[in-house]
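Treat the numbers as computed from the prediction; the structure is a model and nothing was measured.
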Amino acid sequence: MFNIFAYFHKNILSDTLIKMKQTRIDFLKAIGFGVIISQTNNSFAKSKVENFSLKLGLASYTLREYSLDEVIKHCKRLNINQLALKSMHLPLDSSVEFIKETVKKVRDAGITPYGVGVVYMKTEAEVSNAFAYAQAANIPTIIGVPNHELLPFTEKKVKETGIRLAIHNHGPGDKVYPTPDSVYEKIKDLDKNIGLCIDIGHVVRLGLDPVKFINKYKNRLFDLHIKDVDKVAENGESVEIGRGVIDITSVLKTLQKINYQGVLGIEYEKDGKNAIFGLTESVGYLRGILKMI
């Protein structure tokens, strides 16, 4: 019997999504065809989505030019309920009372503050402050960048507090942690609550494959920043997810394959003062791909 879904997956989906050579119009056509298929085989499509528990979240740096109240409003409108708070929305020098009040506002809106950062740590005092800050907020993960010489002291703080540290790679020009490999080499013998936040945009700007690192470090992958860039080059710039050169479908399929339990943190760095438009497009694109896989 002719299997229309298998035919679609082999002959259309692989061309339009996996190879990522289609125009935006082609993609919308593919989505439209997917809707028709889902109506004729709804139980299968539903089970595929339900079995993939990837949590879509936001790195609040995306909305760095917006107030926290605006961040909360836009998260609710986009149905994003996971948020990593950056210092412009929760300053690192805040009082314990202000931290608690701010985080309560986020939680009361139905949004889980799952992480703080990226937090740069260049002294022991900054390490101590970062962990006290996360403790006051009752947030389980710091997305951070401690200097190499501070890793023993940082490990001590991880053990004392139970707060995980996800070290973020920053790509070309970064002398501390340019790649996921450079992170792992420094932490491989440290406490297992020290892991990675892989930023796929910075990986691709180095001409490397993020899928390789997701697979390689799946057991220490605590967070992932998803974005798109316009070219594979050091000066590659942020674009709306789906408009750039990154094979987003392969990234999401790999996360599904490894049963990634962390948050998929959208970090859209373009159009600071008007980021909500590109963010909305990016969220729609990601949800479309997730429904297709």
Side-chain angles (χ1 to χ4, degrees), residues 52-62 80-87 90 103 106 111-121 127 130-135 137-148 150-171 174 176-203 208 210-227 251-267 286:
F52 189 24
S53 58
L54 185 64
K55 297 186 285 289
L56 195 61
L58 181 70
S60 83
Y61 179 76
T62 297
I80 292 174
N81 58 15
Q82 301 284 332
L83 184 66
L85 287 163
K86 180 67 175 172
S87 54
L90 183 59
V103 172
V106 175
I111 300 167
T112 299
Y114 76 91
V116 293
V118 176
V119 179
Y120 297 91
M121 294 168 261
V127 173
F131 280 86
Y133 169 86
Q135 269 191 309
N138 193 25
I139 289 177
T141 302
I142 296 171
I143 303 153
V145 181
N147 280 8
H148 296 163
L150 295 171
L151 284 170
F153 183 72
T154 303
E155 181 181 36
K156 178 184 174 184
K157 288 295 181 181
V158 167
K159 290 178 177 179
E160 286 177 357
T161 63
I163 294 170
R164 299 196 308 177
L165 174 67
I167 298 181
H168 184 284
N169 61 284
H170 269 104
D174 180 17
V176 187
Y177 302 106
T179 67
D181 279 340
S182 68
V183 175
Y184 186 75
E185 283 305 309
K186 293 294 183 182
I187 69 167
K188 61 185 178 182
D189 297 322
L190 299 182
D191 190 273
K192 299 303 186 214
N193 278 324
I194 301 177
L196 289 82
C197 169
I198 293 180
D199 185 306
I200 68 169
H202 294 317
V203 168
L208 302 173
V211 166
K212 168 191 169 184
F213 294 115
I214 292 169
N215 277 312
K216 188 175 182 179
Y217 298 126
K218 60 186 178 182
N219 294 328
R220 299 284 282 270
L221 180 60
F222 298 163
D223 193 29
L224 187 135
H225 282 176
I226 191 162
K227 59 184 61 167
V251 169
L252 295 179
K253 282 191 169 186
T254 303
L255 292 170
Q256 181 184 37
K257 184 185 74 173
I258 69 169
N259 194 27
Y260 173 64
Q261 295 299 303
V263 173
L264 185 65
I266 300 172
E267 190 177 43
L286 286 171

Over 12 foreign heavy atoms within 6.0 Å of NZ, K218: no
Gap separating the OG1 atom of T179 from the CG atom of L208, nearest 0.5 angstrom: 7.0 Å
Rounded distance (nearest 0.5 Å) linking atom CG of L151 with atom CG of D189: 11.5 Å
Close side-chain approach of K157 to I142, heavy-atom, < 4.5 Å: no
Name of the residue among I194, N193, D223 meeting side-chain contact (heavy atoms from CB on, under 4.5 Å) with R164: N193
Partner set under side chain to side chain contact (heavy atoms under 4.5 Å, CB included) for K188, not counting sequence neighbours: Y184, E185
Euclidean distance, L252 CG relative to L264 CG, rounded to 0.5 Å: 6.0 Å
Evaluation steps, side-chain contact (heavy atoms from CB on, under 4.5 Å), between D181 and Y217: CA-CA 9 Å; D181 279 340; Y217 298 126; 2.3 Å; yes
T154 side chain near F131 side chain, heavy-atom distance below 4.5 Å: yes
Separation of E267 CD from H202 NE2 (nearest 0.5 Å): 6.5 Å
Shortest non-hydrogen contact from L221 toward L224: CD2-CD1, 4.4 Å
Any residue meeting side chain to side chain donor-acceptor pair (under 3.5 Å) with H168, in chain and number order, not counting sequence neighbours: H170, D199, H225
Straight-line distance of I167 CD1 to R220 CZ, nearest 0.5 Å: 9.0 Å
Pair N219-K192, side-chain donor/acceptor within less than 3.5 Å: no
Main-chain N/O of D191 paired with E155 side-chain donor or acceptor, under 3.5 Å: yes
Check: Q261 main-chain N/O paired with K55 side-chain donor or acceptor under 3.5 Å: yes
Nearest heavy atoms of I80 and I111, plus distance in Å: O-CG1, 4.0 Å
V103 to P113 - nearest heavy-atom pair and separation: CG1-CG, 3.7 Å
Distance-minimising heavy-atom pair for Y114 and L58: CE2-O, 4.5 Å
Distance, nearest 0.5 Å, that separates CD1 of I187 from OH of Y177: 8.5 Å
Side-chain heavy atoms of Q82 within contact of L56, under 4.5 Å: no
Test item: N169 side-chain N/O and G171 main-chain N/O as donor-acceptor pair under 3.5 Å: no
Heavy-atom closest contact (L83 atom, S60 atom, distance): CD1-CB, 3.9 Å
Which atom of L85 lies closest to which atom of Y133, heavy atoms considered: O-OH, 4.5 Å
